[in-house]
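One structure is given here, and the rest of the page talks about it.
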There are 4 protein chains.
Amino acid sequence: MKPKDESKIDEIFAATLELVKEHGLSGITVNMIAKKAGFATGTVYIYFENKEQLIVKLFEKCFYAYAKDYFQGFDAAAPFKVAFHTIWMNMLRISVEHFSELIFIEQCFHSPFISDETRASSKEILVPWRNLLDRGKSERLIKQVDTIWIMAYVRGVIREMVKFIKYNHVEMTPEFVNTMFDMCWDGIKD
Amino acid sequence: MKPKDESKIDEIFAATLELVKEHGLSGITVNMIAKKAGFATGTVYIYFENKEQLIVKLFEKCFYAYAKDYFQGFDAAAPFKVAFHTIWMNMLRISVEHFSELIFIEQCFHSPFISDETRASSKEILVPWRNLLDRGKSERLIKQVDTIWIMAYVRGVIREMVKFIKYNHVEMTPEFVNTMFDMCWDGIKD
Amino acid sequence: MKPKDESKIDEIFAATLELVKEHGLSGITVNMIAKKAGFATGTVYIYFENKEQLIVKLFEKCFYAYAKDYFQGFDAAAPFKVAFHTIWMNMLRISVEHFSELIFIEQCFHSPFISDETRASSKEILVPWRNLLDRGKSERLIKQVDTIWIMAYVRGVIREMVKFIKYNHVEMTPEFVNTMFDMCWDGIKD
Amino acid sequence: MKPKDESKIDEIFAATLELVKEHGLSGITVNMIAKKAGFATGTVYIYFENKEQLIVKLFEKCFYAYAKDYFQGFDAAAPFKVAFHTIWMNMLRISVEHFSELIFIEQCFHSPFISDETRASSKEILVPWRNLLDRGKSERLIKQVDTIWIMAYVRGVIREMVKFIKYNHVEMTPEFVNTMFDMCWDGIKD
DNA sequence: GATGAATGAGCCTTCATTCAT
DNA sequence: CATGAATGAAGGCTCATTCAT
């Protein structure tokens, strides 16, 4: 169940993401995935037990990938706003670059594929982010609001920005990014 | 003679929303919908030509319903922040009360059911909201940012709040609502 | 099961014949029949127990109607060729006038609706025709061939003529009828 | 790799013909066809897009098959009556051997499956037969009747003979065949 | 009696999965 | 390993039949 040609898994994943973005989770078939990835239907079943496992594994991978990159260049010792900015920018960039993944995860959340445990376990990877915000609160730089709500607030702002960029094929200029960061920051700063 | 009972349409819609929230668009069948609504499969086909039409019609209805209620109690002559608050509160309340619709619309966006035209036409109903924000900008009460971005910002904040409330079964206290409104307002105020 | 409004039965029959001619036995539904006849689906079930009975009863009626008219103006005492001509002309005229019935019967022959008994019992009504041909044989006016084959021969000639007339929208001139009668007669005459 | 087994098409065709002969076009399902042919329902859809296409393709094949064999052993240089006899015998033999096809075509003629174009295009294959009859007319061996009517006459005689043979499980003796040929010939000879 | 909405068994078709090559 | 034909369970939809009005 773990053959050497690991690259095929990535091709299957890429095809799946692309197709879900275009047709939604309800609009894809294993055959479509195989065709798009460039091989026969049966080949998919060499690398995955079944369709559900393919979806679940991709779901997990997407979350892991996000986690890894969110904290790129993040220095816990840096001043709060600097650190916040670093992660914020990472989140924005990754969400744009991996828009398919974002859509895929959204579609999976309400689907028979993803179990409650899978959903729950996906939160742990954001611990450093939560810790940073807690620090911001203790340094009285941001509002004394339950950290979890601040996370939701930031997530919401970024997510909707990205969707708008993607759906309307808008260019993401530095100027615009700065403006949006300011809005986001002004909302939470003390 | 038994007349066509148009109220059945609403029961079918309600059942569909509930099921999509629980299983996603990819996890529902016409049979499930009929069962949940309390009648036979064939009955659904008396009121809708096929599954696609059922989804599309529900999609349109959801958008229309939202539009109507967003502007409940809205007085265009009121001071900007008062008007903004009215609509903001409506948006929050409606999104919570009609969470199923919110999820349904989200799932539909990437699905074979909704055409690009349908997606596009859904924007017009928000014109009064856009006008209000334009006024806020001209009164120098909110930032000189493209209105469309402010709309995305507000939508993102509210949407993520509601999701969090719903997924974590959190109570929505007035205190919490005020805090979130302040964050949202602070983000855009000039 | 035998209500007074007998005329509705005829309207149902007429609608069925017309529809079978156009769409074949496999292409019709009870709803289509009711619509074409001008009333509601349920009404059909007041006059017939079910679809099968409707078909069977119509099948029987068609055969009976044929029988009755085949022998119109037939005088058993007339010279053989005169009597033969009378019936032959009746057969031709009826087949043209009731082309829908002809097609209906043809379609029914290979269908789950008509039982072997129904098929078999339909032969009895042609006894006078058979007797006439037997007489023609004993008078040495027609060939000494098994009567049943002569019947098949005549039936085949007429049937194919009628089909051709109908499918190609050809006018049936007296001249043409005479020619075809001569061909038919020359084939069997001694 | 298992290559597409085109011979399955013939098995599907054979099963369909057999079933239509027994139950009529209105009495068959794709499932019945698959079962009779010996494989799963889905297999039919590897070789045909849908039920309609299966019927249409079979219809076309039947017509082509007929055409090919009608002219077996036919020598255009032979004396007229010899050539006529050759084709007549072929027609009889083929109609008996391929009785299922004959019934299938008859049922298709009035069905939602066969388009007018398909019906029309099926006539061209009989051109050599028409030419032969024209020659017979110019040689004054057969009656000066529109060739198309002679074709209908011959077709009718043969068709009804074959039906009778099949429906009554009668043996087709050479003696009987000769008798019928004589009747057919006497009908058209000058 | 007449209506046509409601029912659900059954048909056509799809698609996840298997398996022979 | 890779392939794609074969499988058959399950979904969308139709339609014969029933039933409330």
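Letters A, B, ... are given to chains in the order of the sequence lines, protein chains preceding strands, and every chain is numbered from 1. What you see is a predicted model, and the numbers here were worked out from it, not measured in a lab.
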Measure from CD1 on Ile33(B) to C1' on dG8(E) and round the result to the nearest Å.
-> 17 Å

Pick base, sugar-phosphate or nothing for Tyr47(D), based on heavy-atom distances below 4.0 Å to the nucleic acid.
-> sugar-phosphate

Rounded to whole Å, the CG-P distance (Asn31(C) to dC13(F)) equals 18 Å

Neighbour count above 12 (heavy atom, 6.0 Å) for Lys57(D) NZ = no

Measure from CD on Glu6(B) to C1' on dA6(E) and round the result to the nearest Å.
-> 15 Å

Tyr47(C) side-chain N/O to Leu54(C) backbone N/O, donor-acceptor pair under 3.5 Å | no

May I ask you to check whether Phe13(D) and Phe48(D) place their ring centres under 6.0 Å from each other?
-> yes

Select one nucleotide: of dG12(F), dT7(E), dC12(E), the one nearest the side-chain heavy atoms of Thr29(D).
-> dC12(E)

Nearest whole angstrom, please: distance from the C1' of dG1(E) to the CZ of Phe48(C).
-> 16 Å

Closest-nucleotide 5' rank along DNA chain F - winner of Ile28(B) and Val44(A) | Val44(A)

Both distances under 3.5 Å, Watson-Crick or G-U wobble: on that basis, could you give the dot-bracket string for DNA chain E, with [ ] for crossing pairs and | for other-strand partners?
-> .||||||||||||||||||||

Test Val56(A) against Gln53(A) for side chain to side chain contact (heavy atoms under 4.5 Å, CB included), laying out the working first.
-> CA-CA 5 Å; Val56(A) 171; Gln53(A) 210 209 43; 5.6 Å; no

Taking everything shown except Glu6(D) itself, do over 12 heavy atoms lie less than 6.0 Å from its CD?
-> yes

State the CD-CD1 distance between Glu52(C) and Ile114(C), to the nearest 0.5 angstrom.
-> 8.0 Å

Contact nearer the 5' end of DNA chain E, comparing Gly38(B) with Gly42(D) | Gly38(B)

Select one nucleotide: of dA6(F), dA2(F), dA6(E), the one nearest the side-chain heavy atoms of Ile46(A).
-> dA2(F)

Sugar-phosphate, base or nothing in reach of Tyr45(B), heavy atoms under 4.0 Å | base

Rounded distance (Å) that lies between atom P of dC13(F) and atom CD of Glu52(D) = 18 Å

Which one, dT3(F), dT7(F), dA6(F), comes nearest to the side chain of Phe39(A)?
-> dT3(F)

Atom pair distance, as rounded to whole Å: CD1 in Ile9(B) and P in dA6(E) = 10 Å

Please state how far atom CD1 in Ile12(C) lies from atom C1' in dA2(E), giving the value in whole angstrom units.
-> 12 Å

Does Lys8(B) place a side-chain N or O at less than 4.0 Å from the phosphate oxygens OP1/OP2 of dA6(E)?
-> yes

Calculate, to the nearest 0.5 Å, the distance between atoms CG and CD1 belonging to Leu17(C) and Ile12(C) respectively.
-> 12.0 Å

Nearest-Å distance, CG (Leu25(B)) to C1' (dG11(F))?
-> 15 Å

Which nucleotide in the set dA2(E), dC13(F), dT7(F) lies at the smallest distance from any side-chain heavy atom of Lys51(B)?
-> dC13(F)

Can I get a per-line list of side-chain donor-acceptor pairs under 3.5 Å for residues 104-112 of chain B, giving both atom names and the distance, sequence neighbours left out?
residue   : atom : partner   : partner atom : Å
Glu106(B) : OE1  : Arg159(B) : NH1          : 3.0
Glu106(B) : OE1  : Lys163(B) : NZ           : 3.0
Glu106(B) : OE2  : Lys163(B) : NZ           : 3.0
Gln107(B) : OE1  : Leu25(B)  : N            : 3.1
Gln107(B) : NE2  : Gln107(A) : O            : 3.3
His110(B) : ND1  : Lys21(A)  : O            : 2.7
His110(B) : NE2  : Tyr167(A) : OH           : 2.5
Ser111(B) : OG   : Cys108(B) : O            : 2.9
Ser111(B) : OG   : Phe113(B) : N            : 3.1

Would you classify Thr41(A) as touching base, sugar-phosphate or nothing, given that sugar-phosphate means primed atoms plus P, OP1 and OP2, and contacts are heavy atoms under 4.0 Å?
-> base

If you check every side-chain atom of Thr43(B), which of dG4(F), dA6(E), dA6(F) has the closest atom?
-> dA6(E)

